[in-house]
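Following: one structure in structure tokens, then a few remarks.
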Amino acid sequence: MSDAARAFHQRIDAALADRALGDALALTTGRLAGGRAAAMAAFADAEAARDEARRIRAAAIARLDQLLERFEREATARGCRVHWAETAADATRIVTAIAQEARVTLAVKSKSMVSEEIELNAALERSGVRVVETDLGEFVVQIAGDRPSHIITPIIHRSRHDVARLFREKANAAPEDVADIPAMTAFARRTLRAEFLQAGMGISGANVAVAETGTVCLVTNEGNGRLTTTLPRVHVALVGIERIVPSAADLAAVLSLLARSATGQALSVYTSLISGPRRAGAGPGPAKGGEPDGPDDVHVVFVDNGRSRLLGGPLAEILYCIRCGACLNVCPVYQKVGGHAYGGVYPGPVGSVVMPGLLGLEAWSELAQASSLCGACREACPVRIDLPRLLLEVRRQAAAKRLAPRWLRVAMPVYAAVARRPRLYRSAVAAAGLLGRMVAKGGWIRWLPGPLGAWTASRDFPAPATRSFLQQHRLRKEAAR
Amino acid sequence: MPRPSRVQFFATCLVDVFSPSVGLAAVAVLERLGVGVDVVPDQTCCGQPAFNGGFVEEAAAMARHTIDVLSRSPDPVVVPSGSCADMIAGRYPEIFDGDAVYGPKARALAERTYEFCQFLADVLGAGLPAAASGPALAYHASCHGLRGLGLRAQPRAVLRAVAGGRCRDLPDAEVCCGFGGVFAVKMGPLSGAMLESKLDAVEASGADFVVATDLSCLMHIGGGLRRRGSRAAARHIAEVVADAFAEDRRE
Amino acid sequence: MTGARGRILESIRSGLVRAALPSAEHAGVPDAKAGRGGSIEAMVERFGAVLTALSGRVHRAASPEVPALVADIAAAHGVRSFLAWDETELGCPGLLEGLAARGLARVDYRMPTDPDARIRLAQALEPIGLGVTGGHAAIAENGAVVLVSGPGRGRLVSLLPAVHVAIVSERRLRPTLADLVREEPRLLDAGSNVVLVAGPSRTADIEMALSHGVHGPKHVHVVLTA
């Protein structure tokens, strides 16, 4: 097993041993998955909506280059600056340069998975820009020096007591500020409001980009997305190149499923549709007669970071993803271990495809082994991504690169060779029957050696039958004649 | 399709090796329902473990053998396993998509391959005897049959027919038990954790037996119940149906 | 970084040539599911039910009643000054006069371009407790009000204060966002910032316990006018 795989298994073990985490996961995923189920049940034509959303995303990916070019044209015409980043390093360089050019010393951020992926905060801090996360969960993650464990609700792994302690220890909260959850929320609001008011730059992600008007669509429940993209003079939006649709009608179709799939809400509280900086009026000067507020500069940074490479390969379908998190909430594995166990930015079923796809098999293919292929994720996905098929593809690629454990690499070809030779197979089955009779007690085996010991660690194993089914059936037929 | 007079029975490797009584029960039920059953002696394994592990060549080799073995006769194939039936009916055509020889064979085989309850309910519209008295049963929905083949209604219909009043609700019946094939040993602790939840549900249901279409799930759940010293045990749905026929015969 | 742009687009194009993408049919125009929202009354009721469930408040009033209504809301929250869209944008003639007459002081603002002046102004606006906007439309299915930024229609009015009152004509109700977009395909172009606001700001990040008024307003009142 590689070091990365071993570390993954250790994280899983640690997560399974953490009872508090298990309870928190059961509560949160239960609520979110239940919310989704109820919302979809109540949504007329839910299945047709999923078909339509899939068609929209599939058609968009099939014309991705044209859509990105159209977006660039339309956004530029409306006053945006559009940048293209091939790698994570390019993206952080671009954003750092924007901050420097605008003499920014404080940036506020609303939640952006892409920004985590490219490790933007660290790069900005190194260049002298203080970065403050404003999504409540991400704020907690930031002051804890931690990582988010879910792509929608980042602190699924933290209790209210954890948060209270962190606010006291790291954010100067007084005891009354952390007396209960409403108090903590109010404390976060006050603390972060001060930052919002002073920030020179707001950094956001984008839930969906709309090509025909150069629009960035950003959804939040808290309102930090609005404040981030309204108060500071400069707004930078990080957009994964695959997160785009052609038109407003397409956007409406995707939005009808996004919040429903994520949390069960019909719509997030705030859906911002940003098409450039604030518009000037007829008079001289940028503000005369024009909009009273809004950013003066809007930058959109398209981030590739391996996505275009996925396009030409068998994992391309994962690019349809709209990052709703539904697959995490219904995954029986995620429900047991949570996001940190996966070890990367994207956990759960989608993460198990995206991490190896974007960042390499050697370090990440083991994630795709942590699945029973039950298919719950495919059932929940609003754009009907066949996640089990993609997980199998990652496994195929891993097996081809000899990343599977040695015992399997030996056992599988042997098994296949035997299973193609019926006489040999029958002998093997008969041998199993013999062996079974020798080691079993009352038809069950309590201990198996080697890798098979992983079974008997938590379950008994049935003894092979003394006579196989084929044998018994044949004997019956003969007796009947 | 018109009611077939004969079927081929693909026992599956697990039934063959670990639980022949499941195979014998399924064959007995089919014969009681007036369907002749052929058990091709050179059948082996559908190749699902290799396929799920990403071992394409090995899976294809076993698939070709299985296709050959089941294609000598045009009779429908009945499989006492949702996952193996899904492998043959769902995955074989994908594996051999573009293969000039095995592509058409795989598609033809897929068309006439059924999981056991699917065959009873959808093809035979079976008249099954109701056994009013007997153990309390709770149904666990094996994942590949459920989400691969779409087996939501048929197993429950079969169970309702033979054991109506004795069925108990299994909480989270459609949540994976954690078997997952090689996953059960490759990711042992995780598999065990998922199993614990399923065992809790079985015990909460008050059922004497947890029933499923797949022996794989039942070996895993049954092994866990035994390890816990639970009074509940696992039983394959074919055996439950055969029990009902036996009960019926006695009356 | 035009080199990067070209390389990314080229990478996409060559990927698409190689691609074996599942079902890549073009989406085309979605089916015209003609407005199933029904009558205005039905939409008012649905909107009201949804927004109330989100902890927002819905009022129905004729235009002349609105100033008193808004003043009452202000009084309930102990507010003496407020931000507002320009009178012409509120869709309620005489509202600002009416509020002035009841002792409420409107604070007009325009964000300067100078960064320091901008910060000072933002800090000055922060303590104001009420914002009054109009509304471009409202969506019955999800309780959202659609606000389009523009001259005389500041974004901060519906965002900074703890209380937001939106005045929308009930004739601007639509069943779904898709219906609104079908009717107004250029909606996204109507302003540099179009926002849908569905009730008060909320979070459940801590132990799935619901709290309101995180970063946006804690109290949202929608006044539907005839």
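Chain naming here is simple, since letters A, B, ... match the order of the sequence lines and numbering starts at 1 in each.
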Hey, are [X] and [Y] close enough for a salt bridge, meaning a charged N less than 4.0 Å from a carboxylate O?
X      : Y      : result
C:E184 : C:R172 : yes
C:R118 : A:D296 : yes
A:E291 : C:R155 : yes
A:R278 : A:D293 : no
C:D108 : C:R106 : yes
A:E317 : A:R389 : yes
A:R384 : A:D51  : yes
C:D179 : C:R174 : no

Is [X] reaching over with its side chain to a backbone N or O of [Y], donor-acceptor style, under 3.5 angstrom?
X      : Y      : answer
C:D86  : C:T88  : no
A:R189 : C:G216 : yes
C:E170 : C:L224 : no
A:T153 : A:I156 : no
A:D250 : A:I56  : no

Is there side-chain contact between C:L160 and C:E126, with heavy atoms separated by less than 4.5 Å? yes
Select one option (side chain, backbone, both, neither) describing which atoms of [X] are under 4.5 Å from chain C's heavy atoms.
X      : answer
A:P277 : backbone
A:E72  : side chain
A:S268 : backbone
A:R57  : neither
A:V245 : neither
A:I181 : both
A:A248 : both
A:L251 : side chain
A:L218 : neither
A:T213 : side chain
A:R193 : side chain
A:T215 : side chain
A:R78  : side chain
A:Q265 : side chain

Top contributor to chain C contacts, counting heavy-atom pairs under 4.5 Å, from [options]:
options                       : answer
A:L68, A:N221, A:I274         : A:N221
A:V140, A:T185, A:V234        : A:T185
A:L319, A:V219, A:L231        : A:L231
A:G79, A:P182, A:P232, A:P246 : A:P232
A:V216, A:T134, A:L136        : A:L136
A:A60, A:S159, A:A24, A:G200  : A:S159

Quick check: under 4.5 Å, non-hydrogen atoms only, which of residues 132-142 of chain C neighbour chain A?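 Near chain A, by residue number: C:E141, C:N142.
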Just checking heavy atoms, which of residues 189-198 of chain C are less than 4.5 Å from chain A?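 Counting heavy atoms that sit under 4.5 Å from chain A, the residues of residues 189-198 of chain C involved are C:D189, C:A190, C:G191, C:S192, C:N193, C:V194, C:V195, C:L196, C:V197, C:A198.
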So which residue, [options], ends up with the most heavy-atom pairs under 4.5 Å with chain A?
options                        : answer
C:A209, C:P185, C:A204, C:S158 : C:S158
C:S149, C:A178, C:G152         : C:S149
C:I206, C:L177, C:L159, C:V181 : C:L159

Measure centre to centre between the rings of C:H219 and C:H77, then say whether the value is under 6.0 Å. yes
Quick check: C:H59 with C:H221 (ring centres under 6.0 Å apart)?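 They qualify: ring centres under 6.0 Å apart.
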Quickly, which of A:Y270, A:F139, A:F196 forms a ring-ring contact (aromatic ring centres under 6.0 Å, His included) with C:H215? Name it, please.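 The ring-ring contact (aromatic ring centres under 6.0 Å, His included) with C:H215 is passed solely by A:F196 among A:Y270, A:F139, A:F196.
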Could you pull out all residues at least two apart from A:S308 that satisfy side-chain contact (heavy atoms from CB on, under 4.5 Å)? A:I241, A:D304, C:S11, C:I12
Please enumerate all residues that pass side-chain contact (heavy atoms from CB on, under 4.5 Å) together with C:H212, with sequence neighbours excluded. C:S55, C:P200, C:R202, C:L210, C:K218
Centre of A:F43's six-membered ring, under 6.0 Å away, within 45 degrees of the axis: is that where NZ or CZ of A:R260 sits? yes
